Amino acid sequence: MSLPAFAPQPTSSSMTASRYNARDAESRWQKVWNEQGVFATKNDDPRPKYYVLEMFPYPSGRIHMGHVRNYTMGDVVARYKRAMGFNVLHPMGWDAFGMPAENAAMANKIHPKTWTYDNIATMKKQLQSMGLSLDWAREIATCDPAYYKHQQKMFLDFLRAGLVERKKSKVNWDPVDQTVLANEQVIDGRGWRSGAVVEQRELTQWFFKISDYSEDLLNAIDTLDRWPDKVRTMQRNWIGRSEGLLVRFALDPETTPNREDELEIFTTRPDTLFGAKFMALSPDHPLAAAAAAKNPKLAEFIAETRRLGTAQAEIDTAEKKGFDTGMRAVHPFDPNWTLPVYVANFILMDYGTGAIFGCPAHDQRDLDFVNKYGLGNLPVVCPEGQDPKTFVITDTAYDGPGRMINSRFLDGLTIEQAKEEVAKRLERQTRGNRPVAQRQVNYRLRDWGISRQRYWGCPIPVIHCEACGVVPVPDKDLPVTLPEDIDFDKPGNPLDRHPTWKHVTCPQCGGAARRETDTMDTFVDSSWYFARFTDPWIADRPTDRKMVDAWLPVDQYIGGIEHAILHLLYSRFFARAMKKTGHAGLEEPFAGLFTQGMVIHETYHKQDGTFVTPAEVKIETVGNTRKATLIGTGEPVVIGGVEKMSKSKRNTVDPDDIIGTYGADVARWFMLSDSPPERDIEWTEEGVQARWTFMQKLWRIVGEMAEIARNAPVERPAQFSERAQAVRKATHGALSKVSEDIEKLRFNRCVAHIYEYSNTLSAAIGETDDANAGAPDFAWAMKEAADILVQLFAPMMPHLAEECWAALGHTTLVAVQPWPKVEAGLLVEDSITLPVQVNGRKRADLTVRRDASQADIEAAVLTLDGVKRALEGKAPKKVIVVPQRIVNVVA
RNA sequence: GCCCCUGUGGCGGAAUUGGUAGACGCGCCUGACUCAAAAUCAGGUGUAGCAAUACGUGCUGGUUCGAGUCCGGCCAGGGGCACCA
């Protein structure tokens, strides 16, 4: 990055000498904070606690602007709450396991551990250069055996508590990398790293039984009132509750492989039972398999559906196909009415019972199906105002409200009444001593598959024994550590290929046995790190119950919206599982959640389409148009769209460059200004310069105020002149507004208030001449103003604040100062100016005493010139006075 | 397809939650300082008009003394979920 002319220059002049030198000051103050240990948090501090946490980073190499934004916001909250008298916990750690480390190992022949710890060292240094008020003594890395041994312990406790199970399931399998991939790692049907077409495989995997908590996780969303609605909605949808009826259909014994077979289905629309035209089974349904055993053509059909791709894109476009099994299901309300049973490729085995009844008139998918196979449809719900005799369905199913038709005893009922009636009747009806139907609530949420065929993850602490089956590793043998002598020459799981690691003796029978070589999904690591921070030193158990219960929940959690479901849902499950196994005492880990927006930047590309970085581009503004050229060659560059910073678009800005040139405070101030924190923020060079200019302005006016403040008496004067009082009103007004907006995380408004306040002070300084500068009351007001100004921006630009604080003659650190108190009396004006409207249009202002009576105001308003003119001599119909707000005259 | 969010100057955005639309910042224009430039400082900047004034918060209709804000119907952009029975 080129050094702008106004950035701190090594050449000195009389002007630059009075400038604030961020580079020098920042490292100096960071050293002081560090030496005095001002951000170390004690666990036995009696003050009320406040836990502020930002989502910990993956050590990918270097920090990016997204981190700068995220951690700046958290730091403002931490510093503010500290000043408010809370014992603040503000820790940092590393989400250090994961695939990129292995990819780097394969590409560069570097050990994943080396790569990870190198990155941690680099990024830690970068974070420290930001001046974050973190308690580094609590730093943890999830790849440290001292961390993951506790995770293994909890896995075993969960296993004993019935929260973990091993089961066969369909998974995404990457045939090149030879590993299971999470759904989000499959892009357009291909492995995100290898590019290989992903296959569907049935594998035995470890699962956390998150679905045991479906109902609880859903209901408790209502209690998360300090979470964004958007995230709460997303989680509700993800859990996906639906109420319905499980119905057992009898099968015509003459048509079934086994005469006693029956078919159970799940439906949310039992009201439409009389519109049924067919039944459909998942290709994976046991009944389908039984029928296929006797029907080679059906077996071929099922095999074909399995061959079909499993990628989302293919599923979306796949044709709905069915195969008539020849079986007939008996309608539960009519023994003489039978329905054909199909195997259909669109029925999922793991939702409901893997089987449905199809009512084509009121379900689009079922309608498409019958239209293809010529099964017809019968409408049973008629919309209001439609004649049932003429109501027909052809291509579009009707799923709106209405009354039942063509449905025997249900005719005339509403949908809700019909659902209830069907449920009641079928619950009473029995076959084989069991009711034909029962009410059921179904969830979309699936159990969490945590097995990964990867090296760089937390080993799953179990042993497979021929004789004893799955045997947990005894607690005393934890941790199961990763072997370090590992090679990545071949694709697949290096743990599985390791010559010795997996060969162990069975803890139960002492015979030869095999270690589990799968490791845990890295989302497990991040599901409880916030609990570990409360006492990261405790060695013999995952958490200290006293500490974890004292600190949790996290009062303010800040991170990206991309974790709205995965990490945030997993952590909510983990808290419940930890409670059940005695490792923590509460269910909701994050009381307050804030999801911040992305950092975006213009893109630049050459004529041939190749992207160039902002650092390589020079921008000139001529009038209202901006022109970009390549630095050095002068080659013209096209200014493209404003997009998320990414390596592929090359529109990234390195935080180190900004911090090195302008200082961390400028980067922090930028991140807090202008854009509301939940929205995307556009990083621009002009913006950086503007923040730098303002930083210098603050330094200058604090210096000028320090001059005036030298005449301030120690004692607060009893009386203040009008000029002094005006300054004090501005001071306490700004204090009140900034405090309120920090509480609400509206940092952009805080910044605006500070600008406004500094403009007011700047004007006050300008109006000060030698004659009145010496007035003790004014000097005292200016001293108060300067102190509070510095304290107001201290959470945001902490280094500049310390420098200013010292310049004001303080010998303490502003970082440990208590937050100033608002003098409420100064916020109330004696006289107020009300806007006066005539018919909702502003015509005049009226200045009155604050406690003026309604009648006085009404009378005064009618004497105003602007009002008289607008009334044109007519008498007003009505005068509306909204106290302290506005007056409206209705003509 | 279903669900959710957002539309305000050239730009980012503010508006005490129904009460002066455009705070604050960027950019731009003018001036001061300077041989000059940068930096800095002062002033201006929604549109039309010399002005009074009129118009103006995606479009459209409504409620209200009063609507950016509430309600109905559209349009546009963004996000989430999606063979979920």
Side-chain angles (χ1 to χ4, degrees), chain A residues 4-6 9 13 15-16 19 228-238 240-242 244 265-269 272 280 282 312 315-318 320 344-348 350-359 363-366 368-369 399 442-446 561 564-565 621-626 642 673-676 678-682 684 686-687 689-691 693-694 696-697 700 737 740 746 748-759 762-763 766 833-845 869 876-880 882 884-891:
Chain A
F6 42 80
Q9 298 280 340
S13 70
M15 201 61 217
T16 50
R19 278 192 182 165
D229 285 341
K230 185 184 169 122
V231 175
R232 297 207 287 170
T233 305
M234 281 166 73
Q235 290 215 353
R236 278 194 197 98
N237 293 341
W238 186 263
R241 181 183 199 269
S242 55
I265 60 97
F266 175 74
T267 181
T268 55
R269 291 298 300 273
T272 65
S282 162
Q312 198 56 55
I315 290 170
D316 286 349
T317 54
K320 312 237 175 307
N345 64 351
F346 58 87
I347 307 297
L348 303 173
D350 53 1
Y351 186 82
T353 62
I356 62 154
F357 87 87
C359 176
D363 182 290
Q364 191 60 45
R365 191 194 47 205
D366 293 348
D368 294 345
F369 190 79
D399 61 2
N442 247 304
Y443 297 91
R444 224 184 52 110
L445 182 66
R446 305 293 156 71
I561 185 82
I565 293 170
T621 309
V622 184
N624 262 334
T625 55
R626 297 167 69 246
V642 181
S673 313
D674 287 5
S675 289
E678 69 279 10
R679 251 185 257 181
D680 292 350
I681 189 168
E682 187 188 350
T684 63
E686 294 96 319
Q689 294 170 8
R691 273 71 173 193
T693 300
F694 183 66
Q696 295 300 336
K697 179 182 171 176
R700 196 178 61 245
K737 287 185 217 158
E740 189 192 334
R746 297 196 286 207
N748 57 318
R749 304 212 312 184
C750 296
V751 166
H753 298 319
I754 290 171
Y755 269 106
E756 207 164 6
Y757 178 45
S758 65
N759 287 344
S762 192
T833 301
L834 296 172
V836 180
Q837 298 181 328
V838 177
N839 290 336
R841 202 168 283 281
K842 193 196 164 193
R843 297 294 178 183
D845 284 309
R869 219 181 304 133
K877 286 205 188 87
K878 185 151 81 160
V879 179
I880 293 160
V882 183
Q884 320 284 317
R885 280 280 153 77
I886 200 167
V887 182
N888 192 15
V889 179
V890 184

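Remember, predicted model here, so these are calculated numbers, not experimental data. Proteins get letters first, then strands, A, B, ... in listed order; numbering begins at 1 in each.
Formation of a donor-acceptor pair under 3.5 Å by the N888(A) side chain with backbone atoms of I880(A) is not found in this model. Under a 3.5 Å cut-off, the side chain of N442(A) and the backbone N or O of S242(A) do not form any donor-acceptor pair.
No salt bridge links D363(A) with R269(A); every basic N to acidic carboxylate O contact stays at or beyond 4.0 Å.
Distance from the side chain of Y755(A) is smallest for G25(B) among the nucleotides G12(B), G25(B), A85(B). Distances were taken from every side-chain heavy atom of R679(A) (C-beta onward) to each of U40(B), G13(B), A85(B); the shortest belongs to G13(B). Checking C84(B), G12(B), U40(B) against the side-chain heavy atoms of Y351(A) singles out C84(B) as nearest. With distances taken from any side-chain atom of S242(A) to the nucleotides C83(B), A85(B), G27(B), the minimum falls on A85(B). You'll find that the side chain of N759(A) is closest to C24(B), out of C83(B), C24(B), A14(B). Distance from the side chain of T233(A) is smallest for C3(B) among the nucleotides C3(B), U40(B), G13(B). Taking every side-chain heavy atom of A752(A) into account, A23(B) is the closest of G19(B), A23(B), G12(B). Checking A85(B), A39(B), A14(B) against every side-chain atom of L348(A), the shortest atom distance belongs to A85(B). Comparing G19(B), C26(B), C24(B) by their closest approach to the side chain of R885(A) singles out G19(B).
If you check every strand for non-hydrogen atoms under 4.0 Å, R241(A) touches nothing. Within 4.0 Å (heavy atoms only), I347(A) reaches at least one base atom of the nucleic acid. Backbone-only contact: S675(A) has heavy atoms under 4.0 Å from sugar-phosphate atoms and none from a base. Base contact: F266(A) has a heavy atom under 4.0 Å from a base atom. When heavy atoms are screened at a 4.0 angstrom cut-off, D229(A) is found touching no nucleic acid atom at all.
Rounding to the nearest 0.5 angstrom, the gap separating the CZ atom in R691(A) from the CD atom in E686(A) is 10.5 Å.
Where D674(A) and G352(A) each meet RNA chain B at their nearest nucleotide, the meeting point lying more 5' is that of D674(A).
One interatomic measurement links the two molecules: CZ of R746(A) to P of G25(B), which rounds to 19 Å at whole-angstrom precision. Atom C1' of nucleotide G1(B) and atom CG of D363(A) are separated by 12 Å, given to the nearest angstrom. Between R444(A) atom CZ and C3(B) atom P the separation is 15 Å, expressed in whole Å.
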task: Could you provide the dot-bracket string of RNA chain B, using ( ) for intrastrand pairs, [ ] for crossing pairs and | for bases paired to another strand, with Watson-Crick or G-U pairs below 3.5 Å?
output: (((((((..(((......[....)))((((((.......))))))(((....)))..(((((..]....))))))))))))....
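Base orientation at U17(B) is syn, since its O4'-C1' glycosidic dihedral falls within 90° of 0. Using a 90° window around 0 for the glycosidic torsion, G9(B) falls inside it and is classed as syn.
Not a single side-chain hydrogen bond (donor to acceptor under 3.5 Å, both in side chains) links R843(A) to another residue, sequence neighbours left out. With sequence neighbours excluded, the residues that form a side-chain contact (heavy atoms from CB on, under 4.5 Å) with R232(A) are I221(A), L224(A), W227(A), D229(A), R236(A). Residues forming a salt bridge (Lys or Arg N to Asp or Glu O under 4.0 Å) with R365(A) (at least two apart in sequence, or on another chain): none.
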Heteroatom pairs (N/O) under 3.5 angstrom, protein to nucleotides 78-80 of chain B:
unit_1	atom_1	unit_2	atom_2	d
G79(B)	O2'	K230(A)	NZ	3.2

Where do N or O atoms of nucleotides 65-68 of chain B meet protein N or O atoms at under 3.5 Å, pair by pair?
unit_1	atom_1	unit_2	atom_2	d
C65(B)	O2'	N888(A)	ND2	3.3
C65(B)	O2	N888(A)	ND2	2.5

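Closest approach of A280(A) and I347(A) over heavy atoms only: CB-CG1, 4.0 Å.
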